[in-house]
Enquirer: 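Just passing along the structure, written as structure tokens.
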Amino acid sequence: MTVVADKPGNKRKGQPAGRGASVRSGMTAWLGRPLADFHLLLAIFGMLTVLGLVMVLSASAPGQVASGVSAYSVFQKQLIYVCVGSVLFWLVLRFPLRRLRHLSTAAMGIGVLLLALVLTPLGDVRGGARSWFTVGPISFQPIEAVKLALALWGAHVLVTKRALLSQYRHLLVPVVPVAMLVFALVMLQPDLGGTITLGVVLISLLWFVGAPMRLFGVIAGGAVVGAVVLAIGAAYRLQRVTTFLNPDADPLGAGLQARQAMFALAEGGLFGKGLARGSSQWRYLPNVESDFIFAVIGEELGFVGCGLVLALFGGLAWVGLRIAARNTDPWIRIVAATLTVWLVAQAAINIGYVVRLLPVTGITLPMISSGGTSIVTTMVVFGILANCARHEPEAVSALRSLGPGRVGGLLRLPAPEAYRPPPKRKPVRPSTPPRAPGRSRTQQLPVVDERRVAGRSAPPSEYRRRETRRVNQGRSEQGRSTRGRGRYN
């Protein structure tokens, strides 16, 4: 018997395939674990937080030094807001989602009230928009909280009325009228970027609840008409559109940001110049630490850094939609999907106008751009998504049977509650009329002849059959006694 040895070349060709198969099987097994989505979301959250702090420091320090102030002034404010957002992230992660759903109506009402109050002299004007509240050293924009409230409250209303959503009046009312009111209040500030993100939240709610496609066609047509009207109605909006179409027409004025952002991305190359070694933050690019921080990432970290940011937001989109798909609670499903689309769409819009695919709208890059209200609200959104991940059926079963695990024990997270579908409503029976005072039940309720009401052919009730049987039995006994006396006397 001869033994044929394998050639070394065949082994080398088979090894990569074997390694790839083992890696794929290992990833599949790991992703099948109950808390895989929760851990992935925490990893994305931590990486975006660290990357945002590093890039805010690198983008703001040269400009602050050139202005004669501390290089860490913007970074210190951002670090404080990140600490506040981290505490809120932990609190929301511990907060029961069922109670959060019940509080969404009150949160929406308070948000609309704040949007109305910010238009009064109580609001502060910054950047040409009256959209800020300033209380001492603290300032915040109510529009960021209203986006979150609209997502939570809209999902609550649509899930409550899900049996009637085939009718347009139940599908649209009251979510769409309230959203239109919010749009009007935001445009009175005016804040076009906030209006766009609110529109993303509203469209996501209607999409994930299963609205018909012709409704989205009407929304798309209305959005195009509204964009044209808004662009023509204000000079600065029309200037943004014309600058987007031809940024070289005014290279030192309206087209400065778009041109400098492209120069920064081009100079970065593959690996970038290194942190704090870029030239765009030396007052060459306005709003470099907020609206155009993606250009600084491209200049200092290169194509690799930009790819990392895109991969993180792509992973967020995949994990968020996976959390929505693996949950059974319809409210959690809609909320998780809507919040995911909101964050990813906001990042896509910011990156889109930095690379000159969209007109400049002033929308920040979530978790990375400088901004107190934006970073705090985004961290709260991540907390809600992580809480939704812990409410997946397999995660609930594992956490209740095996304990909180290392991460849950470190964060002291309570065990989530299993989803309980709402009980079916029974038909309401007519209530008994109240008794008159001083009268007994037999005096108040008249005796009704059942056979007369139901018809002669209706059989009598069991009670009346027993009474008839008792009466007939008494009559037969009385007849027997009468016949007996006549016979023996």
Side-chain angles (χ1 to χ4, degrees), residues 30-46 85-108 147-160 162 201 204-205 207-210 315-344 377-423:
W30 188 84
L31 291 175
R33 299 175 63 183
L35 293 174
D37 293 338
F38 176 67
H39 294 150
L40 275 174
L41 193 68
L42 290 183
I44 295 173
F45 172 74
S86 300
V87 174
L88 294 178
F89 170 85
W90 178 72
L91 292 177
V92 171
L93 189 56
R94 291 177 50 89
F95 201 79
L97 288 179
R98 188 172 302 176
R99 192 179 304 175
L100 185 65
R101 176 180 176 180
H102 295 329
L103 294 176
S104 62
T105 303
M108 190 65 201
K147 297 174 190 176
L148 179 58
L150 178 62
L152 301 179
W153 172 78
H156 167 65
V157 173
L158 293 174
V159 168
T160 304
R162 64 184 179 274
V201 172
S204 301
L205 287 172
W207 176 270
F208 290 111
V209 84
L316 173 61
W318 183 78
V319 174
L321 295 180
R322 190 169 185 258
I323 292 171
R326 296 182 68 178
N327 264 285
T328 55
D329 189 337
W331 182 79
I332 294 179
R333 292 168 65 95
I334 297 178
V335 166
T338 302
L339 295 181
T340 301
V341 172
W342 165 24
L343 294 182
V344 175
T377 305
T378 307
M379 296 181 86
V380 171
V381 171
F382 267 94
I384 296 176
L385 286 175
N387 204 344
C388 294
R390 297 182 76 247
H391 279 76
E392 295 177 4
E394 295 181 359
V396 172
S397 178
L399 291 173
R400 286 190 168 273
S401 59
L402 303 177
R406 294 181 181 179
V407 179
L410 181 64
L411 298 177
R412 298 184 179 274
L413 301 179
E417 298 180 359
Y419 170 64
R420 299 177 182 177

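All residue numbers refer to positions in the sequence shown, counting from 1.
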Enquirer: Taking the side chain from Asn387 and the backbone from Phe95, do they hold a donor-acceptor pair closer than 3.5 Å?
Expert: yes

Enquirer: Check the pair Thr378, Trp342 against side-chain contact (heavy atoms from CB on, under 4.5 Å), reporting the backbone distance first and the verdict last.
Expert: CA-CA 10 Å; Thr378 307; Trp342 165 24; over 6 Å; no

Enquirer: Which pair of heavy atoms, one from Ile323 and one from Ala389, lies closest together, and at what distance?
Expert: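 Taking Ile323 first and Ala389 second, the nearest heavy atoms are CD1-CB, 3.6 Å.
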
Enquirer: Can you list everything that forms a ring pair (Phe, Tyr, Trp, His ring centres under 6.0 Å) with Trp207? Sequence neighbours excluded, please.
Expert: Phe216

Enquirer: Nearest 0.5 Å, what's the CG-CG distance between Leu35 and Leu42?
Expert: 10.0 Å

Enquirer: How long is the straight-line distance from CG of Leu152 back to CG of Leu100, given to the nearest 0.5 Å?
Expert: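 It comes to 5.0 Å.
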
Enquirer: Mind running side-chain contact (heavy atoms from CB on, under 4.5 Å) on Trp331 and Leu97 for me, showing each step along the way?
Expert: CA-CA 10 Å; Trp331 182 79; Leu97 288 179; 4.2 Å; yes

Enquirer: For the CG atom of Leu41 and the CZ atom of Arg322, what is their distance to the nearest 0.5 Å?
Expert: 12.0 Å

Enquirer: Just how far is it from atom CZ of Arg98 to atom CG of Asp329, taken to the nearest 0.5 Å?
Expert: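 With rounding to 0.5 Å, CZ (Arg98) is 8.0 Å from CG (Asp329).
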
Enquirer: Evaluate the criterion side-chain contact (heavy atoms from CB on, under 4.5 Å) for residue pair Val380 and Phe89; output intermediate values, then yes/no.
Expert: CA-CA 5 Å; Val380 171; Phe89 170 85; over 6 Å; no

Enquirer: Show, in sequence, the C-alpha distance, side-chain angles and deciding distance for Phe38 and Leu413, and conclude whether the side-chain contact (heavy atoms from CB on, under 4.5 Å) test is met.
Expert: CA-CA 13 Å; Phe38 176 67; Leu413 301 179; 4.1 Å; yes

Enquirer: Can you see which heavy atom on Pro393 is nearest to which on Thr328, and at what distance?
Expert: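 For Pro393 versus Thr328, the nearest heavy atoms are CG-CG2, 3.6 Å.
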
Enquirer: Taking only residues at least two apart or on different chains, which pairs with a member in residues 394-412 satisfy side-chain hydrogen bond (donor to acceptor under 3.5 Å, both in side chains)?
Expert: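 Non-adjacent pairs meeting side-chain hydrogen bond (donor to acceptor under 3.5 Å, both in side chains): Arg326-Glu394.
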
Enquirer: Do you know the tightest heavy-atom contact between Thr340 and Leu316?
Expert: CG2-O, 3.6 Å

Enquirer: Can you tell me which residue among Glu392, Arg390, His391 is in a side-chain contact (heavy atoms from CB on, under 4.5 Å) with Leu399?
Expert: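 One option only clears the test, and that one is Arg390.
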
Enquirer: Please report the interatomic distance CZ(Phe208) to OG1(Thr338), rounded to the nearest 0.5 Å.
Expert: 6.0 Å

Enquirer: Is any side-chain heavy atom of Leu31 closer than 4.5 Å to a side-chain heavy atom of Leu40?
Expert: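 They are in contact (side-chain heavy atoms under 4.5 Å apart), so the answer is yes.
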
Enquirer: Taking Arg162 for its side chain and Val159 for its backbone only, find out whether a donor-acceptor pair lies under 3.5 Å.
Expert: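 The answer is yes, because a donor-acceptor pair under 3.5 Å joins these two groups.
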
Enquirer: Report yes if some heavy atom in the side chain of Ile332 is under 4.5 Å from a heavy atom in the side chain of Tyr419; otherwise report no.
Expert: no

Enquirer: Does Arg33 CZ have over 12 foreign heavy atoms under 6.0 Å away?
Expert: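 No - once you tally the heavy atoms of other residues, nucleotides and ligands closer than 6.0 Å, there are 12 at most.
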
Enquirer: To the nearest 0.5 angstrom, please state how far the CG atom of Leu339 sits from the CD1 atom of Ile334.
Expert: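 Between atom CG of Leu339 and atom CD1 of Ile334 there are 11.5 Å.
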
Enquirer: Restricting to non-hydrogen atoms, name the atom on Gly383 and the atom on Val92 that form the minimum distance, rounded to 0.1 Å.
Expert: C-CG1, 3.8 Å

Enquirer: Checking the side chain of Trp153 only, and the main-chain atoms of Ala107 only, is there a donor and an acceptor separated by less than 3.5 Å?
Expert: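 Such a contact is absent between Trp153 side chain and Ala107 backbone.
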
Enquirer: Parallel, tilted or perpendicular for Phe382 and Phe45, by the 30°/60° rule?
Expert: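 Phe382 and Phe45: tilted rings.
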
Enquirer: Between the side chain of Asn327 and the main-chain N/O of Cys388, is any donor-acceptor distance below 3.5 Å?
Expert: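 Yes; at least one donor-acceptor contact below 3.5 Å.
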
Enquirer: What are the two closest heavy atoms between Leu205 and Ala151, and how far apart are they?
Expert: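 The answer is CD2-O, 3.7 Å.
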
